[in-house]
Every structure is written in structure tokens, then in C-alpha cells.
Amino acid sequence: MIRVIQWATGGVGRAAIEGILDHPDLELAGAWVHSADKDGVDLGELVGRAPIGVRASTDAERLLATPAECVLYSPFMADTETVRAILRSGKNIVTPLGWFYPRRAERQRYDELCRAAGVTLHGAGIHPGGITEKIPLVVSALSGAITEVRAEEFSDIRTYGAPDVVRDWMLFGATPEQAATSVMADVLAGGYSQSVWMIAEALGISLDERLRVTHETAVATAPIDSPIGPIAPGRVAAQRFRWQGTVRGAPVITAAVNWFMGTENLDPPWTFGPAGERYEVEIVGDPGATVTFTGMHAHSAAAGLARNPGIVATAMHCVNSIPYVVAAEPGVRTYLELPLVAGRAAASLRGADGASSAAADPELARRTAPR
């Protein structure tokens, strides 16, 4: 069994705890929490389950000294000093906060740290961290003469259960002038720009030196109910971000998000279109392909606040990557250097001892083991 510490217990962290508890190859060894009211809380009870005898802690040093093979690191924003401390403690890291495809200088720094500690650092998630670059590369194998790649999210932000982030960081409900000063484009660029560069380098596209970044807003034309309170007319109720790799100034690779407080009473009158909320991947080539992901958005704002499928998918991609990351050679390891990551079957479909089929069959385990 691989012992795992969960670092932070927000939406992704709580879903990750559930995923770790249900994974046949993982054991939950602890969790770091920020708030004092969670300190000492049983982690089973924290996610609405029976007690498991493992408690949350605000003591980072104690957790760094706790025997474990991996940390799933998922606070709202990464603290590089903490990341380095975790790696130096001899623990692998899987995180949705970046390191999907760090540029050369940053990768070299972390490669050196990881190799000295004998550990691996891997970025995984959903958008970015999966649908933004991993899936486009998989789909691109069906095409030749590729001229354009697009990965785009269309989401109702009312289902995102972090009102402080939506109000204070994303600046929904602010004036367009205030929203234009948001740090979100820079914060998100740490992930989305890596997605663009990974696709370009994997496909052999020679991009212009700088990515093109755009940020557009739409305002409410009538009061819009939202989890952060009513959005008043003239205030930001929808936002679009795009990170584009260009060739001689023409967009070739696009990673984009469309975040709306619903699709009514907006100026400009943006909508999700007839396909609704989704993730979309498009390859323009010979032949081309468009792949649409549905099922990762809640049917209502209330359902999304209770359990957001996109948040769960982010967590599960990280959880399912852990055995492969722990087995990998030390250093930064991206999707391009790990074997195919797969999920695990529900407990009802496993062997009598609860183990996965691979664990029950030594030969199958040998053939499917991460290398």
C-alpha cells in the first residue's frame, strides 16, 4: 500500500480524501489543514464518512515527518517553499497546481531537487492538467498535417463552491475596470501556458516567442442571483480567458475558459451555445476531430455546490496518478514521461479480497505496472 498525505482540504482536497480511501492501492496517512477548526478532526468525518482514526493537522512539520510515499498537494495557490520542503522530506508530490510542463530553467531546478531527494513531482488535474493538453495529444494521434489545436471550457461558475475566490480573486461582481486588474490571468497562466507549450513541443510546432493572452468580460443587464450575492447591473457576470500560441502572429494552439454566472441578462449576450456546459477539444488536421466532454458539470448550482463533478474529476486524476508517480524515476515527470494512467474499478467489481485485478494477478500486475 502507498501511504498518502492530503495537503489542504478544500473542494479538491475533500474529493481526493474520498478517492484515496476508495483506491485499493492507497492508504491515507494524514492531512494538512489551514483552519484551526479542522485541526484534530477525523478525516473520515471531515468528508461525511465514518471515523477512520486519522486526523487532520495544522502542524506541517509533523506531517513532513510522517512516514508516507506521496503528498497530494492542493491548496488554492501553491507555496513553492512548502513544495520544496515536501520534496526534501522524501515524499513524491502530485498536484493540480502546475508543473504540468515547466519551462527549461524551472524544470532543471526541480529536477535537481527531486533527484537529490529521490522523489518525483507531477502536475495533473482537468483544465489545465488533462483535457487541456493530455487529451488533445491523444486525439492528435488520429490526424496528420495538424494546423490548429483548441481546448476550451464552458462552465457556470455558480457551481464553484469557493465564494471568496469567485468574489475576491476572480472579481465577479466587480466593475469591468476592476476585473481588468485581476491577477487571475497571471495565476492561471502558470498552468495554461504550460499546456500550450507542451502541445507545441510534442507536435513539433515552432511557436512565436510569446503567448497571446486575452481577457474579456460581460456585465449583468439585470440583477443576477449568485452564491456571492446579487450581481448588480453593470457588474461583471461572465469572463473569458484565452492563452494562445501563435505562428507568425496567427493563433495555432488555444487553451480557453468561459466562466458565466448563468447565460441570462448578459451584455454582450454570451451563451454556452446549444451544447451547454462542457469541455471541448478540437484538432484541425487531416482528418480533423472535435471531442466534447459532458457529465463533468452539475445539473444545478445547488448540486454543484454540494458536489461539483469537475472538482471531483480534478481530484481523481491526481489520485489515480499516484501509483505511477511513486514508481517513476526521480525528477519532474510529465504526461509525456509516464505510462498511461488509469482509474480503478468500484469495490464491487474487484477480487474477493478487495484488490484490483492487477493486484490479484501477478502477470497482469507486471504488464500494467508503472515504469
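- Looking at every heavy atom in both residues, V247 comes nearest to S206 through CG2-O, 3.6 Å.
- Using a cutoff of 4.0 Å between basic side-chain nitrogens and carboxylate oxygens, R3 and E27 are scored as salt-bridged.
- Here the closest heavy-atom approach between residue S226 and residue M261 is recorded as CB-SD, 3.7 Å.
- No continuous path of hydrophobic side-chain contacts links L171 to M77 [ILVMFWY only; heavy atoms under 4.5 Å].
- The minimum heavy-atom distance between V33 and D39, with the atom names listed, is CG2-N, 4.1 Å.
- Applying the side-chain contact (heavy atoms from CB on, under 4.5 Å) criterion to S195, with sequence neighbours excluded, gives P128, T132, E133.
- Hydrophobic clustering places I311 together with I157 (ILVMFWY residues linked when any side-chain heavy atoms are closer than 4.5 Å, directly or through intermediates).
- Under the 4.5 Å side-chain heavy-atom criterion for ILVMFWY residues, no single connected hydrophobic cluster contains both L142 and V281.
- Using a 4.0 Å cut-off between charged side-chain N and carboxylate O, R107 and E337 make a salt bridge.
- Under the rule for a side-chain contact (heavy atoms from CB on, under 4.5 Å), the partners of E282 that lie at least two apart in sequence or sit in another chain are R150, V284, T290.
- Heavy-atom neighbours of E264 CD from other residues, nucleotides or ligands within 6.0 Å: at or below the threshold of 12.
- Listed by chain and residue number, E18 satisfy the salt bridge (Lys or Arg N to Asp or Glu O under 4.0 Å) test with R307 (two or more places apart in sequence, or in another chain).
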#### Entry: Worked check of side-chain hydrogen bond (donor to acceptor under 3.5 Å, both in side chains) between Q244 and T254
CA-CA 4 Å; Q244 293 180 308; T254 298; 3.1 Å; yes
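- Other residues, nucleotides and ligands contribute at most 12 non-hydrogen atoms within 6.0 Å of the NE2 atom of H34.
- Side-chain contact between N258 and R242: present, with at least one pair of heavy atoms (C-beta onward) separated by less than 4.5 Å.
- In this view, P223 and P233 satisfy the side-chain contact (heavy atoms from CB on, under 4.5 Å) rule, not counting sequence neighbours.
- Here S321 pairs with V94, H122, A124, H317, V325, V341 under the side-chain contact (heavy atoms from CB on, under 4.5 Å) rule; sequence neighbours left out.
- Both V4 and V54 belong to a common hydrophobic cluster when Ile, Leu, Val, Met, Phe, Trp and Tyr are linked at side-chain heavy-atom distances under 4.5 angstrom.
- Pairing each heavy atom of T314 with each of P96, the nearest pair is CG2-CB, 3.8 Å.
- M198 CE to L137 CG: the interatomic distance, rounded to the nearest 0.5 Å, is 7.0 Å.
- Within the 4.5 Å cutoff, side-chain heavy atoms of N320 are placed close to those of H23.
- Taking the ring centroids of W169 and F76, they lie under the 6.0 Å cut-off.
- Looking only at distances, no side-chain donor or acceptor of R103 sits under 3.5 Å from a matching main-chain atom of Y101.
- Residues N308 and T159 have side chains that bring a donor and an acceptor to within less than 3.5 angstrom of each other.
- As a member of the Ile/Leu/Val/Met/Phe/Trp/Tyr network built from side-chain separations under 4.5 Å, L87 groups with I5, W7, W32, L63, L64, V71, Y73, V83, I86, I93, L97, W99, Y110, L113, V119, L121, V332.
- Here the shortest heavy-atom pairing between E329 and T120 reads O-OG1, 2.9 Å.
- Hydrophobic clustering of Ile, Leu, Val, Met, Phe, Trp and Tyr side chains at less than 4.5 Å, counting indirect connections, keeps V196 apart from V138.
- D42 and A50 make their closest contact through OD1-O, 4.3 Å (heavy atoms, listed as atom of the first residue, atom of the second, distance).
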